[in-house]
Number of protein chains: 2
Amino acid sequence: MKVGILTIGDELTHGMIQDTNSFLISREVTSERWHVTAIMAVGDDGNVIRDALKYLMERSDAVIVTGGLGPTADDKTTMSIARTFGLGLYTDESVLRHIKERFEKFRIAWTENNTKQAVFPQGAIPLYNPIGTAWGFSLKKGGKIIAVVPGVPAEVKRMVPQSVIPLLRAEFPEAVRYSAKRTIKLFGISEAKIDETIAGAGMDIPGISIGFYPRFPENHLVITSQGDDESSTLRNLDRAVARAIGRMKKYVFGYDDATLEGIVAALLTEKGLTLSVAESCTGGLITDRLTNIPGSSLFFDRGIIAYSNGSKMELLEVPAAVLERHGAVSEETAVLMARGVRKLGKTDVGLATTGIAGPTGGSEAKPVGTVFVAVAGEAESVCRTFHFRWDRRRIKEITSQWALEILRRFIVEGGAK
Amino acid sequence: MKVGILTIGDELTHGMIQDTNSFLISREVTSERWHVTAIMAVGDDGNVIRDALKYLMERSDAVIVTGGLGPTADDKTTMSIARTFGLGLYTDESVLRHIKERFEKFRIAWTENNTKQAVFPQGAIPLYNPIGTAWGFSLKKGGKIIAVVPGVPAEVKRMVPQSVIPLLRAEFPEAVRYSAKRTIKLFGISEAKIDETIAGAGMDIPGISIGFYPRFPENHLVITSQGDDESSTLRNLDRAVARAIGRMKKYVFGYDDATLEGIVAALLTEKGLTLSVAESCTGGLITDRLTNIPGSSLFFDRGIIAYSNGSKMELLEVPAAVLERHGAVSEETAVLMARGVRKLGKTDVGLATTGIAGPTGGSEAKPVGTVFVAVAGEAESVCRTFHFRWDRRRIKEITSQWALEILRRFIVEGGAK
């Protein structure tokens, strides 16, 4: 089943507000395993609305429209849709009564232009709005459905799943399919490399489709399975996921809604480990991410943002001689920072970063983007060296990501205890 | 001049990501006083891309396209545009060389599919991408322009104002009007209050339009002036800005591209002041923001993320008795943390936060959202108490914003020295 989405309002084409309605609707439609043919946004202009509606109708079984249903003169959606199909208009008396009652209940003065919100194209069926004044409507034309709801995001969020989707399911029962999907989250492998690996992974399983979604610094792979019954749909999904991750296992850090900081937090909590963090180039981003997780105080003791050499020496016990000989940005300093913060916080694990985030501060031997990440446990410590490109912010982001990933592997491989 | 906007990518029609590119482009186009005919988003499908492009071309003088320029098989934009106009493809050797150099410089393994990013339709002119690998291109057909840029939002944000808009101005000189705009950035005042203030500020100056953009936790007011000559356009802009900020001066922290952290960093640097930060509930977000500013090492010495009571006592010298009597989340603790970190870092100023970010940890006396922010100088210290609603992340964000704002006012009012 093919669905077009049309959002209407001058505020969209004038760059006044971000259109969030089409995003919300495309998620609802996709989760039914229906296909979004195109998303369009146009201003409050009758001819433009007609053209866009025709374009979408020609390519879709149903079109979901939002916006332009208010009481004022610039709301032209109902009239434009009626004209597109050569239909007259009618006033629905029960809807009008309902709107008037609402005004009385909330003690709002009635103005005559509100009558407009009870006017619909001939043949349309009003759609109840549980939170706002303007009702929506649905219209059937040539076996196709047009469903119209107001443009207020909170109303779209309620009315699309509660009214529009059930309506479309009822009108197109053959389009109701079993489907399931899984998002595989990868880090440390390039988009091109994933593409190459997937191409040779034998993914031509019935009903399986694959999407790539780069989310710097991560890459997400979404595998969707659809079929005529539940068990084969799920079986095919499992097979596809197993094949996809087969040769990339090492780069998979989680699935679906999981975040790397959430996974690290869960690991630390589950194993009863405590953590201290010493950050130089990441400047607090690692602890910011970890403390986004509710309950992080269970494992996280303290963080030191050791920007100056003085702070590295005084708080983390990095000897002046090491800073002098190897520099503040070096493997030696990184490892001593991780050990130092671990000792300072009396925690099981210490994590540290030091690097040159730029744009200045680089040298021939250590250009901008040179970064060291170290993790220290009771018995062992590890350090990795990186040479990143990107700007200052992205260097901070990818360094924080690698730091969490190195910590994750360290815990999983038993280095923390 | 009429401009169509087309964003391409399965992630848009599949509801995987919110399309922010078309919003950004519609703002840029509107601020040139050009008209957006329609915004469309379609998946990575050659025929669908062709139909959408034709639809927009018929109704516009120029079409700005984003997305689908990457190296993988599902990136189909270049090929689809070439086919739409019956054009062949060519490889631009100098672009290819440039991409390869980039890979070498950043030590990324070259895979052959990256060659695709140097392939363009015959007659297209490559558009340089200052931050990513994929170049854009522009194509002239029947007196109309198609300008294509990669879909990565950071790249769109750079390439549209720096390459695409100047290109369109050059191609359509008759559409160029004098225009100037200024963004006023406010914090600590509600959207409704700004609306009310502006309504009574006498903003009916010729050629002036006002846009309102809430950016949690900030509010941005964009004033655009247009006219037939430069001097009146700028004079009207200055008048409008002066009237707008007249009664809201206290809430204006900056203009245009300025960030609060950037303003605080500039103030500290200019006055030769040094800073240490002690964070509890913000978990590193304040130092993360400050260290996003290049050269922050000039004023920023160290940060302490004092999550545990132990870290507050050991590093910041908050007495156990204070923590016991008043609690870790209290005005007393916040002030002692600010003084403690100032002393520890031997800096001019100390800044501290402590609060309950939730979702758990609240009590009747101190519900979730209770936050204390303190700043300490040589002679004086100040503390402010907040009761925020919002979720954990937003409490962190608005607390970090207030902390920077309180620090800014403290410095401006001379408390730091």
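Below, read A as the first sequence line, B as the second, and so on, with proteins coming before strands; counting in each chain starts at 1. All values below come from the heavy atoms of this structure, side chains included, with hydrogens, waters and symmetry mates left out.
Atom OG1 of A/Thr30 and atom CG of B/Asp10 lie 10.0 Å apart (nearest 0.5 Å). Between atom CZ of residue A/Phe23 and atom OG1 of residue B/Thr13 there is a gap of 12.0 Å, rounded to the nearest 0.5 Å. Of the inter-residue distances, the one linking A/Ile39 atom CD1 with B/Ser22 atom OG reads 9.0 Å to the nearest 0.5 angstrom. Going from atom CG of B/Leu12 over to atom OG of A/Ser26 covers 8.0 Å, rounded to the nearest 0.5 Å. Here the CG atom belonging to A/Asp45 is positioned 7.0 Å from the NE2 atom belonging to B/His35, to the nearest 0.5 angstrom. Taken from CG in B/Asn114 to OG in A/Ser190, the straight-line distance is 7.5 Å, to the nearest 0.5 Å.
In this structure, B/Pro294 and A/Thr360 have side chains that are not in contact, with every pair of non-hydrogen atoms separated by 4.5 Å or more. Using a 4.5 Å heavy-atom threshold, the side chains of B/Leu315 and A/Leu344 count as touching. Contact annotation: the side chain of B/Thr111 never approaches that of A/Asp195 to less than 4.5 Å [non-hydrogen atoms, C-beta and beyond]. In this structure, A/Tyr307 and B/Thr291 have side chains that are in contact, with non-hydrogen atoms separated by less than 4.5 Å.
Heavy atoms closer than 4.5 Å to chain B are found in the side chain of A/Glu196, but not in its backbone. Contacts between B/Leu298 and chain A at a heavy-atom distance below 4.5 Å are absent for every atom of the residue. In this structure, chain A has no heavy atom under 4.5 Å from any part of B/Thr347. Only the side chain of B/Ala154 comes within contact range of chain A, with at least one heavy atom under 4.5 Å from a heavy atom of that chain. Using a 4.5 Å cut-off between heavy atoms, A/Ala52 touches chain B through backbone and side chain atoms alike. For A/Phe300, the parts lying under 4.5 angstrom from a heavy atom of chain B are both the backbone and the side chain. Residue contact with chain B, scored on non-hydrogen atoms closer than 4.5 Å, involves the backbone of A/Phe388 exclusively.
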Is there a salt bridge (charged side-chain N to carboxylate O under 4.0 Å, His left out) between A/Glu314 and B/Lys346? Walk through the geometry before answering.
CA-CA 12 Å; A/Glu314 291 160 31; B/Lys346 302 175 207 75; 3.2 Å; yes

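With A/Ile305 as the fixed residue, the side-chain contact (heavy atoms from CB on, under 4.5 Å) test singles out one of B/Ile304, B/Thr287, B/Ile286: B/Thr287. Of the options A/Arg289, A/Lys396, A/Arg392, a salt bridge (charged side-chain N to carboxylate O under 4.0 Å, His left out) to B/Asp288 is made by A/Lys396 and by none of the others.
Interface remark: of the candidates A/Arg394, A/Arg59, A/Glu191, A/Met40, A/Met40 forms the most heavy-atom pairs closer than 4.5 Å to chain B. The candidate from B/Asn292, B/Ile131, B/Val36 with the greatest count of non-hydrogen atom pairs under 4.5 Å with chain A is B/Asn292. For the set B/Ser311, B/Ser400, B/Gly132, the count of heavy-atom pairs under 4.5 angstrom toward chain A peaks at B/Ser311. Counting heavy-atom pairs closer than 4.5 Å to chain A, the top residue among B/Ser296, B/Gly361, B/Gly295 is B/Ser296. Counting heavy-atom pairs closer than 4.5 Å to chain B, the top-ranked of the candidates A/Thr7, A/Ile293, A/Thr183 is A/Ile293. The candidate with the highest count of non-hydrogen atom pairs below 4.5 Å against chain A, out of B/Ile108, B/Val222, B/Thr282, is B/Ile108. Between chain A and the residues B/Asp301, B/Leu24, B/Val42, the largest count of heavy-atom pairs under 4.5 Å involves B/Asp301. For chain A, the option among B/Asp51, B/Asn309, B/Val277 with the highest count of heavy-atom pairs below 4.5 Å is B/Asp51. For chain B, the option among A/Glu28, A/Lys312, A/Arg215 with the highest count of heavy-atom pairs below 4.5 Å is A/Arg215. Annotation: maximal heavy-atom pairing with chain B below 4.5 Å, among A/Ser31, A/Ser297, A/Gly345, occurs at A/Ser297.
Nearest heavy atoms, B/Asp74 versus A/Phe212: OD2-CD1, 3.5 Å.
Within a 6.0 Å radius of CZ in A/Arg393, other residues, nucleotides and ligands contribute more than 12 heavy atoms. For NZ of A/Lys157, the number of neighbouring non-hydrogen atoms (other residues, nucleotides, ligands) closer than 6.0 Å is 12 at most.
Checked against ring pair (Phe, Tyr, Trp, His ring centres under 6.0 Å), B/Tyr55 has the following partners two or more places apart in sequence or in another chain: A/Tyr55.
Near-neighbour residues of residues 14-21 of chain B relative to chain A, defined by a heavy atom under 4.5 Å from a heavy atom of that chain, comprise B/His14, B/Gly15, B/Met16, B/Ile17, B/Gln18, B/Asp19, B/Thr20.
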